[in-house]
Structures are given as structure tokens and as C-alpha cells.
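Please read these numbers as outputs of a predicted model, since none were measured by experiment. All values below come from the heavy atoms of this structure, side chains included, with hydrogens, waters and symmetry mates left out. Atoms within each ligand, like the ligands themselves, are counted from 1 in listed order.
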Amino acid sequence: MTDAARPVALARTAAVIPAAGRGVRLGPGAPKALRTLGGTPILIHAARAMAASRAVSLVVVVAPPDGVDGVKALFDEYPLPERTDVVVVAGGAERQDSVRHGLAALPDDVSVVLVHDAARPLVPVDTVDAVIEAVREGGAPAVVPAVPPADTVKEVEPTADGSPERVLGTPVRARLRAVQTPQGFDRATLERAHAEVTGEVTDDASMVERLGLPVVTVPGHEEAFKVTRPLDLVLAEAVLARRRVTDGF
Ligand code: C5P
């Protein structure tokens with residue numbers, strides 16, 4: 001069956017996890033995805049979060065180019081549930097190179113793709129399922145979980161040396177959303193975006209936007225935050241500790 005003929009409702013769903021970043025903003029130490037939370041590597045938490053959805057039958061992990069064997073060994077040590085396959089491939093220089101490498105490893109029968117930052121280890125399964133559901137419904141080829149920002153956001157003229165930056169404007173906060181992952185896509189659309197869109201991008205959905213195709217949001221979750229700075233690790237440990245108490249997790 002061709003992709004076009006395949007009903008999206010019967011689609012096999014895979015998750016691509018780019019985990020090839022160095023995580024320099026977190027401070028010195030191991031690559032971010034290999035740091036531990038509650039004794040378990042951040043990457044393993046992120047992969048488990050994808051595998052927690054019964055719709056996800058394959059997780060493609062994109063490892064640092066010199067870390068593929070190490071990441072494979074990690075998944076031997078921390079296996080995912082039996083029903084979830086894991087493939088590990090080497091990443092590239094930029095995040096979108098890493099995602100492209102991950103997409104290249106997908107088998108033909110996958111038609112819905114999630115792209116999930118390894119750096120978001122605690123996204124709840126309900127958020128993952130909501131994204132998959134919205135892609136399967138077919139209203140838009142790209143779906144992103146999003147939350148209203150707590151802060152007012154300003155556009156500035158950036159300075160490199162820490163000197164005061166000139167404020168250029170203040171977008172109306174009620175119209176802004178901070179977007180998280182997993183972002184969900186019709187596979188053919190995401191592949192086309194990665195083939196055709198060039199330039200600096202910080203998420204995959206913006207590449208689909210640049211194709212002129214619709215992208216929609218579903219509600220994100222406060223626990224889907226990205227572990228970027230040292231304080232985020234403290235918060236993530238606290239969330240895990242609370243889950244252990246409330247869910248016995
Ligand atoms: O740098 P940033 O926090 O935006 O990275 C988001 C995700 O992309 C992280 O999970 C990181 O490991 C991944 N990444 C990657 N390959 C790169 C750069 C970042 O897989 N070259």
C-alpha cells in the first residue's frame with residue numbers, strides 16, 4: 001500500500017528522540033541525555049515516556065556520533081517494554097541533522113512520527129497520546145503540545161557582550177504559546193520539510209510552517225519542561241520524587 005493510500009487511523013507510530021546534543025548550558029559533565037535523574041539516565045526517562053504510549057511501537061534514538069555503542073549498551077541495561085523496538089543511529093552537527101538521521105532509519109510502515117527531545121524526560125503519557133490522536137484525526141499534518149507563557153516576552157536586538165539590549169517590541173502574551181515535545185507529524189510531510197527547508201530552526205513544526213502547511217497545538221503539560229539549566233535538574237528530581245510518592249512510580 002502506498003503512503004497516500006494508507007488510512008492514517010491504522011498508521012504505525014514511531015518516536016524519534018534526538019539525543020546528540022552536548023548540553024553545554026547544563027554545565028560541565030557528561031552529555032545531557034546521559035546525566036541521571038533519580039539514578040536513571042535522562043534519555044532512558046525520555047524513551048520510557050514515549051514507550052508508555054501503547055501507540056508507539058518503535059523508538060529511534062539519535063546518539064552522539066561517538067556514542068552509538070554506549071547508547072545501545074544503555075538500552076541493554078535499561079530495556080524498554082517488550083512491545084517497543086529500539087534503534088540507535090548516529091546524530092549530526094545540528095539538531096535538524098540529527099532528526100533527519102533518525103527519519104532515515106524508519107521502516108516503510110511508519111506513517112505517524114513523533115519527534116521528542118531527550119531533554120524532556122518527564123512528559124506525561126496523556127500528552128503523548130493527545131499529540132498522536134490529533135495527528136491521526138488528520139486535521140493538520142503537524143501537532144505541537146503548547147502552554148501559555150508565564151512571562152511577558154520581548155523581542156530584542158541581541159548583544160553578544162552582555163550589554164543592555166534594545167527592546168524592539170512586546171507581542172501580546174495571550175497570543176503566545178511555549179511549545180514542547182513530542183511534536184507529532186504525518187511522516188511524508190515531515191520528510192518533505194526536512195528535505196526542502198534550510199536555515200536555522202529550533203523545532204520541527206516550524207519547518208512544516210515554512211512549507212505553508214497547517215500546524216496546530218494541543219494542551220502541553222508543565223511536567224514536559226526541557227532540562228536545560230542546572231535548576232531544571234533540581235525541579236526534575238522534585239517531580240520524580242513526587243511521582244514516587246503519589247504513583248509508587
Ligand atoms: O539544544 P537543544 O536543547 O535545543 O536540543 C534539543 C534536543 O536536540 C536535545 O535532546 C539534544 O540532545 C538534541 N540535539 C541533537 N543533535 C544536535 C543538537 C541537539 O540530537 N546536534
Side-chain angles (χ1 to χ4, degrees), residues 14-37 40-51 56 58-72 74-75 78 80 86-106 113-123 127-128 131 142 144-147 149 153 158 177-185 190-191 193-194 197-209 220-221 223-233 235-236:
V16 172
I17 303 183
R22 292 277 145 207
V24 285
R25 287 171 291 182
L26 209 51
K32 177 161 63 178
L34 304 182
R35 308 268 187 116
T36 58
L37 272 184
T40 301
I42 287 177
L43 171 59
I44 297 295
H45 285 286
R48 284 178 179 166
M50 298 299 101
V56 174
L58 169 66
V59 173
V60 177
V61 179
V62 188
D66 59 357
V68 172
D69 288 343
V71 168
K72 282 183 180 162
L74 204 61
F75 279 90
Y78 299 90
L80 293 182
V86 182
V87 171
V88 182
V89 298
E94 305 294 336
R95 184 183 181 282
Q96 61 262 53
D97 300 319
S98 295
V99 173
R100 199 174 304 115
H101 292 193
L103 291 177
L106 294 176
V113 180
L114 302 178
V115 181
H116 181 61
D117 290 333
R120 297 182 192 270
L122 300 177
V123 57
T127 306
V128 181
V131 170
V144 296
V147 291
V153 176
R177 299 290 179 266
V179 304
Q180 305 173 325
T181 72
Q183 299 188 346
F185 302 91
L190 184 60
E191 286 181 336
H194 274 272
V197 176
T198 54
E200 201 190 322
V201 295
T202 51
D203 77 339
D204 296 274
S206 61
M207 302 174 80
V208 174
E209 290 162 44
H221 196 284
E223 293 181 3
F225 65 91
K226 182 155 72 169
V227 175
T228 305
R229 299 183 184 86
L231 191 60
D232 299 325
L233 278 174
L235 181 59

Exercise. Should the pair Arg100-Asp97 be classified as a salt bridge under the 4.0 Å nitrogen-to-oxygen rule?
Worked result: yes

For this session: Spell out, as yes or no, whether a donor-acceptor pair under 3.5 Å connects the side chain of Lys32 to the backbone of Ala119.
Result: no

Problem set entry | For Arg120, the option from Thr181, Thr228, Ile17 that meets side-chain contact (heavy atoms from CB on, under 4.5 Å) | Thr181

Seminar exercise, completed: Within the heavy-atom cut-off of under 4.0 Å, ligand 1 is lined by Pro18, Ala19, Ala20, Gly21, Arg25, Lys32, Gly92, Ala93, Glu94, Arg95, Ser98, Asp117, Ala118, Ala119, Lys226

Problem set entry | Flag, side chain of His45 to backbone of Leu37, donor-acceptor distance under 3.5 Å | yes

For this session: Tell me, with the steps shown, if Val123 and Met50 meet side-chain contact (heavy atoms from CB on, under 4.5 Å).
Result: CA-CA 9 Å; Val123 57; Met50 298 299 101; 3.8 Å; yes

For this session: Answer yes or no: is there an ion pair linking Asp203 with Arg95, defined by an N-O contact shorter than 4.0 Å?
Result: no

